[in-house]
A.B. asks: 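Below are the structure tokens for one structure; questions will follow.
Side-chain atoms are counted along with the backbone in the values below, which use heavy atoms only and exclude waters and symmetry mates.
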Amino acid sequence: MCQLLGTSCNRPTQIYFLWSGFQRRGGHTDTHSDGWGLSFFEGNSVRLFMDENSCCNSSLAQWVKCCPFKSNIIMAHIRRATEGTVELSNTHPFVRELWGRNWVFAHNGTLKNYYPEHKRFFPIGDTDSERAFCWIMDQLAERFPSAKPNALPDKNELLEVLLELTTEVSKYGVFNYILSYGEFLIARCASHLHYTLRQAPFGVIKLLDDNQEIDLGVVLDDVETQMAVIATQPLTNEHWLRIQPGVLMAFENGKIIHTIQGDPGATPGVASVVGK
């Protein structure tokens, strides 16, 4: 299964430290070596970097780590192919336009025999993940026909519809995902997904995949900074919470703004606290 990473912050922030640990899971500390992708929201636009090669050996991944990109919402994915060939068209995150916004999606899990009908949004590659994303986008366009760039759906109503659509997709298998159109970050857990919240007072943290540590108080250098980090498995020695299977959460400006309990689907589990 793949690895997900997402961040939500109340001010543009770099993730080079988190990326240093996450990158190593792409073929060094784990077996996810079938491509990777990283997206930064900048207003309604998205910077997207992808490579079908192993993340830990990718010169592009190294270059991105050295670049001073900052964003309120960052999403990343490291792939271990279970369906679809190893090529760029099957690399997450996937991006589609709806209501004048870039929607970015990344999935962890496998959907078996999942071939939904598509009407407006069509897959480019041959993964179950992209098929699910395009179907969800089709459904959103149909459910909110009057929505447009300056009149997006109400957040709570949008999340309720997403939960309903997610429940339908999850009948076919494991459907962990992160999704955003730039205002807030949505995370849905089917089996494994964790989060940690950062706010002052900040301290020294250490990566679990590398012998690196950093003083957040120096890096963030603003006591008003609030940040949420979502990952398939904890990346640091901070206090992480495991999201309960079936739960859909929304994060905005580094805070939890909505939590909805849905059907766990194909992989029931138990919520627990890990790391410290």
A.B. asks: Do any pairs count as a salt bridge (Lys or Arg N to Asp or Glu O under 4.0 Å) and have a residue in residues 191-202, sequence neighbours left out, and if so which ones?
C.D. replies: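 Applying salt bridge (Lys or Arg N to Asp or Glu O under 4.0 Å) to every pair that reaches into residues 191-202, excluding sequence neighbours, yields Arg198-Glu238.
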A.B. asks: Please walk me through it: do Glu252 and Lys255 pass salt bridge (charged side-chain N to carboxylate O under 4.0 Å, His left out)?
C.D. replies: CA-CA 5 Å; Glu252 185 173 16; Lys255 296 181 180 180; over 6 Å; no
A.B. asks: Assess whether a salt bridge exists between Arg96 and Glu130, defined as any Lys/Arg side-chain N lying under 4.0 Å from an Asp/Glu carboxylate O.
C.D. replies: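 Yes, charged N to carboxylate O under 4.0 Å.
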A.B. asks: Output all residues satisfying ring-ring contact (aromatic ring centres under 6.0 Å, His included) with Trp135, sequence neighbours left out; order by chain, then residue number.
C.D. replies: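 Testing Trp135 for ring-ring contact (aromatic ring centres under 6.0 Å, His included), a comparison that skips the adjacent residues, returns none.
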A.B. asks: Is it the case that more than 12 heavy atoms not belonging to Lys119 sit under 6.0 Å from its NZ atom?
C.D. replies: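 No, NZ of Lys119 has 12 or fewer neighbouring heavy atoms, counting only those of other groups under 6.0 Å.
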A.B. asks: List the atom pairs, with distances to 0.1 Å, where a side-chain N or O of residues 37-47 and a protein N or O form a donor-acceptor pair under 3.5 Å, not counting sequence neighbours.
C.D. replies:
from, atom 1, to, atom 2, distance (Å)
Ser39, OG, Met75, O, 3.3
Glu42, OE2, Arg47, NE, 2.5
Asn44, OD1, Arg101, NE, 3.4

A.B. asks: So, using ring-ring contact (aromatic ring centres under 6.0 Å, His included) as the criterion, who are the partners of His107 when residues are at least two apart?
C.D. replies: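 Per chain and number, His107 pairs via ring-ring contact (aromatic ring centres under 6.0 Å, His included) with Phe175.
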A.B. asks: Rounded at 0.5 Å granularity, tell me how far CD in Gln212 sits from CD1 in Ile205.
C.D. replies: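 These two atoms lie 10.5 Å from each other.
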A.B. asks: Side chains of His192 and Asn108: do they bring a donor and an acceptor to under 3.5 Å?
C.D. replies: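 Asn108 and His192 do not have a side-chain donor-acceptor pair below 3.5 Å.
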A.B. asks: With sequence neighbours excluded, give me every ring pair (Phe, Tyr, Trp, His ring centres under 6.0 Å) pair touching residues 145-167.
C.D. replies: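 Pairs touching residues 145-167 that pass the test: none.
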A.B. asks: If you count every heavy atom of other residues, nucleotides or ligands that lies below 6.0 Å from Asn150 atom CG, does the total exceed 12?
C.D. replies: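 Counting other residues, nucleotides and ligands, CG of Asn150 stays at 12 neighbours or fewer.
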A.B. asks: How long is the straight-line distance from OG1 of Thr236 back to CZ of Phe22, given to the nearest 0.5 Å?
C.D. replies: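 Result: 13.5 Å between the selected atoms.
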A.B. asks: Glu164: which residues meet the salt bridge (charged side-chain N to carboxylate O under 4.0 Å, His left out) condition with it, sequence neighbours left out?
C.D. replies: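 Arg143.
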